[in-house]
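Here is the structure we will look at, set down as structure tokens.
Both backbone and side-chain heavy atoms feed into the values below; hydrogens, waters and symmetry mates do not.
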Amino acid sequence: MAEKAPSRGLDAQGYIAREGSLARVPSTFRPVVALARDRLLDAFGARLHSAYLYGSVPRGTARVGRSDLDLLVALHEEPTAADRAAAAALGAAVDREFPEVDGVAALLYGRERLLSDAETYDLGWFVACLCTPLLGDDLAEYLPRYRPDSHLARETNGDLALLLPRWRRRIEAAGNAADPASEAARRRLVRFLSRHLVRTGFTLVMPRWNDWTSDLTEMADVFGSYYEQRAWEMQTAAGLGHEPNGDPAVLRRYVDDLGPWLADEYARVHGVKAPRPDEAA
């Protein structure tokens, strides 16, 4: 293999550096972020512990009309069904108001869960390394630092086998009809599954590469340098993560071929993610 370039994703001590910042938010997206911040305060008030941005917007790589706005919200208590409905309504309202974004989504968790031992190397790592503080007390202050090792790989993406049946049900629900609604649903699924599979492929080889990146294309290329027989599939998935289509054949390949192979290889190399309370199918 070719010599790896100097690290961009690790700090001088070899820990994964926190990516993104509010300073990197492109000017076009700043009004979107400002409105989302205000709406979060309106929706959750004193129940809100903290809120974060993640994804392409705080990394400064968002594309107008193509990128979504991703939020993670920590509440003082575990979220209720009403909280989730409020978050969904907030996202839909901001999305309607700003054509600059292609969707607004908020992950909702209780503070206790995010700081729990079970989530230290999954949701905790996600907050500490991939989320940019937007509101409140930064939970990263209560979390450890992380290296790109096998433990992190197992606890972040070692549950693919568990996810595949759920994905099959979602694909079936999206249908194969040619109507615009079905096409749009499949396109969203292609984008979501493509990104998830590329990131899982990357974390499979992350400990050997000993670095971190959130760039889908680079993730696929790194994976392909270790698994040449699957390189083209992963590079194609990275492209579809950016520019998805609604082709049912793509979804079938993901759950019938690439996904099962990747789940088996992941379990062989890193083991299976520790069970979570909400792991029921």
Min side-chain heavy-atom separation Trp167-Leu160 under 4.5 Å: yes

Rounded at 0.5 Å granularity, tell me how far OG1 in Thr61 sits from CG in Asp215. 7.5 Å

Which atom pair, heavy atoms only, marks the closest approach of Asp83 to Leu75? OD2-CD1, 3.6 Å

Inter- and intrachain pairs under side-chain hydrogen bond (donor to acceptor under 3.5 Å, both in side chains), touching residues 28-40, at least two apart: none

Salt bridge (charged side-chain N to carboxylate O under 4.0 Å, His left out) between Asp211 and Arg147, intermediate numbers included: CA-CA 8 Å; Asp211 209 336; Arg147 297 188 186 276; over 6 Å; no

Taken to the nearest 0.5 Å, the spacing of Leu152 CG from Thr156 OG1 works out to 5.0 Å

Taking the basic N atoms (NZ, or NE/NH1/NH2) and the acidic carboxylate oxygens, is any pair closer than 4.0 Å for Arg113 and Glu119? yes

Could you pull out the closest heavy-atom pair between Leu114 and Ala74, with the gap in Å? CD1-CB, 3.6 Å

Sole candidate of Trp232, Phe202, Trp261 that passes ring-ring contact (aromatic ring centres under 6.0 Å, His included) when paired with Tyr227: Trp261

What distance do Glu155 atom CD and Asp122 atom CG have between them, rounded to the nearest 0.5 Å? 7.0 Å

Starting from Leu22, can I reach Leu130 by hopping between I/L/V/M/F/W/Y residues whose side chains sit under 4.5 Å apart? no

Could Arg169 and Glu172 be called an ion pair, given the rule that one side-chain N must be under 4.0 Å from one carboxylate O? no

Return yes when atom CD of Glu112 has more than 12 non-hydrogen atoms of other residues, nucleotides or ligands closer than 6.0 Å, and no otherwise. no

Any sub-3.5 Å donor-acceptor pair from Tyr54's side-chain atoms to Cys129's backbone N or O? no

Test item: Trp125 and Ile16 side chains (from C-beta on) under 4.5 Å apart, heavy atoms: yes

Would you find a donor on one side and an acceptor on the other, under 3.5 Å apart, between the side chain of His49 and the backbone of Gly136? no

Option from Trp212, Trp209, Tyr266 for which side-chain hydrogen bond (donor to acceptor under 3.5 Å, both in side chains) with Thr203 holds: Tyr266

If we only count heavy atoms from C-beta on, is the Leu69 to Leu53 side-chain gap below 4.5 Å? yes

Met206 and Pro148: which non-hydrogen atoms are nearest, and at how many Å? CG-CB, 3.5 Å

In the structure I gave you, are the side-chain heavy atoms of Tyr254 and Leu197 within less than 4.5 Å of one another anywhere? yes

Is the backbone of Gly103 close enough, under 3.5 Å, to the side chain of Asp68 for a donor and an acceptor to pair up by distance? no

Gap separating the CG atom of Leu240 from the CD atom of Gln235, nearest 0.5 angstrom: 12.5 Å

CA sep, side-chain torsions, deciding dist, call: Val73, Leu107, side-chain contact (heavy atoms from CB on, under 4.5 Å): CA-CA 6 Å; Val73 179; Leu107 302 176; over 6 Å; no

For a 4.5 angstrom cut-off between non-hydrogen side-chain atoms, does Asp137 reach Arg111? no

Could you pull out the closest heavy-atom pair between Thr132 and Pro58, with the gap in Å? OG1-CB, 3.4 Å

Start with the C-alpha distance between Tyr146 and Tyr15, add both sets of side-chain angles, then the distance that settles ring pair (Phe, Tyr, Trp, His ring centres under 6.0 Å), and finish with yes or no. CA-CA 5 Å; Tyr146 299 87; Tyr15 295 101; 8.8 Å; no

Measuring only between side-chain heavy atoms, which start at C-beta, is Leu108 closer than 4.5 Å to Phe44? yes

Is the closest basic N to carboxylate O distance between Glu19 and Arg59 below 4.0 Å? yes

Restricting to salt bridge (Lys or Arg N to Asp or Glu O under 4.0 Å), what partner residues turn up for Asp138, sequence neighbours left out? Arg18

Interatomic spacing from CG in Asp70 to OG in Ser56 - rounded to 0.5 Å: 7.0 Å

Might you confirm whether atom CD of Glu228 has over 12 heavy atoms from other residues, nucleotides or ligands at distances under 6.0 Å? no

Where at least one partner belongs to residues 231-251, residue pairs that pass salt bridge (charged side-chain N to carboxylate O under 4.0 Å, His left out), sequence neighbours excluded: Arg63-Glu243, Arg66-Glu243, Arg230-Glu233

hydrophobic_cluster_shared for Met219 and Val190, side chain cutoff 4.5 Å: yes

Between His270 and Ser150 the two heavy atoms that sit nearest each other are ND1-OG, 2.7 Å

Could you tell me whether the side chain of Val250 reaches within less than 4.5 Å of the side chain of Arg186, counting heavy atoms only? no

Can you tell me if Thr120 uses its side chain to pair, donor with acceptor, with the backbone of Ser116 under 3.5 Å? yes

Inspect the contact between Asp11 and Arg145 and indicate whether a charged nitrogen and a carboxylate oxygen are less than 4.0 angstrom apart. yes

May I have the step-by-step check of side-chain contact (heavy atoms from CB on, under 4.5 Å) for Tyr52 and Leu134, ending in yes or no? CA-CA 5 Å; Tyr52 308 80; Leu134 180 64; 5.6 Å; no

Heavy-atom closest pair, residues Pro260 and Arg168: CG-NH2, 4.0 Å

How far does CG of Asp95 sit from CD of Glu100, to the nearest 0.5 angstrom? 10.5 Å

Examine distances only and state if a side-chain atom of Asp159 and a backbone atom of Leu162 form a donor-acceptor pair shorter than 3.5 Å. no

Linked, directly or transitively: Val272 and Leu163 (ILVMFWY side chains, under 4.5 Å): no

Is there a side-chain contact between Arg170 and Phe192, using heavy atoms and a 4.5 Å cut-off? yes

Phe98 vs Phe29, ring pair (Phe, Tyr, Trp, His ring centres under 6.0 Å): CA-CA, chis, key distance, verdict: CA-CA 9 Å; Phe98 288 95; Phe29 293 91; 9.6 Å; no

Might you work through the side-chain contact (heavy atoms from CB on, under 4.5 Å) test for Tyr226 and Leu204, ending with a clear yes or no? CA-CA 10 Å; Tyr226 293 93; Leu204 170 63; over 6 Å; no

Take Glu97 and Leu35 through the test side-chain contact (heavy atoms from CB on, under 4.5 Å) and record every step on the way to the result. CA-CA 10 Å; Glu97 188 161 340; Leu35 181 63; 3.6 Å; yes

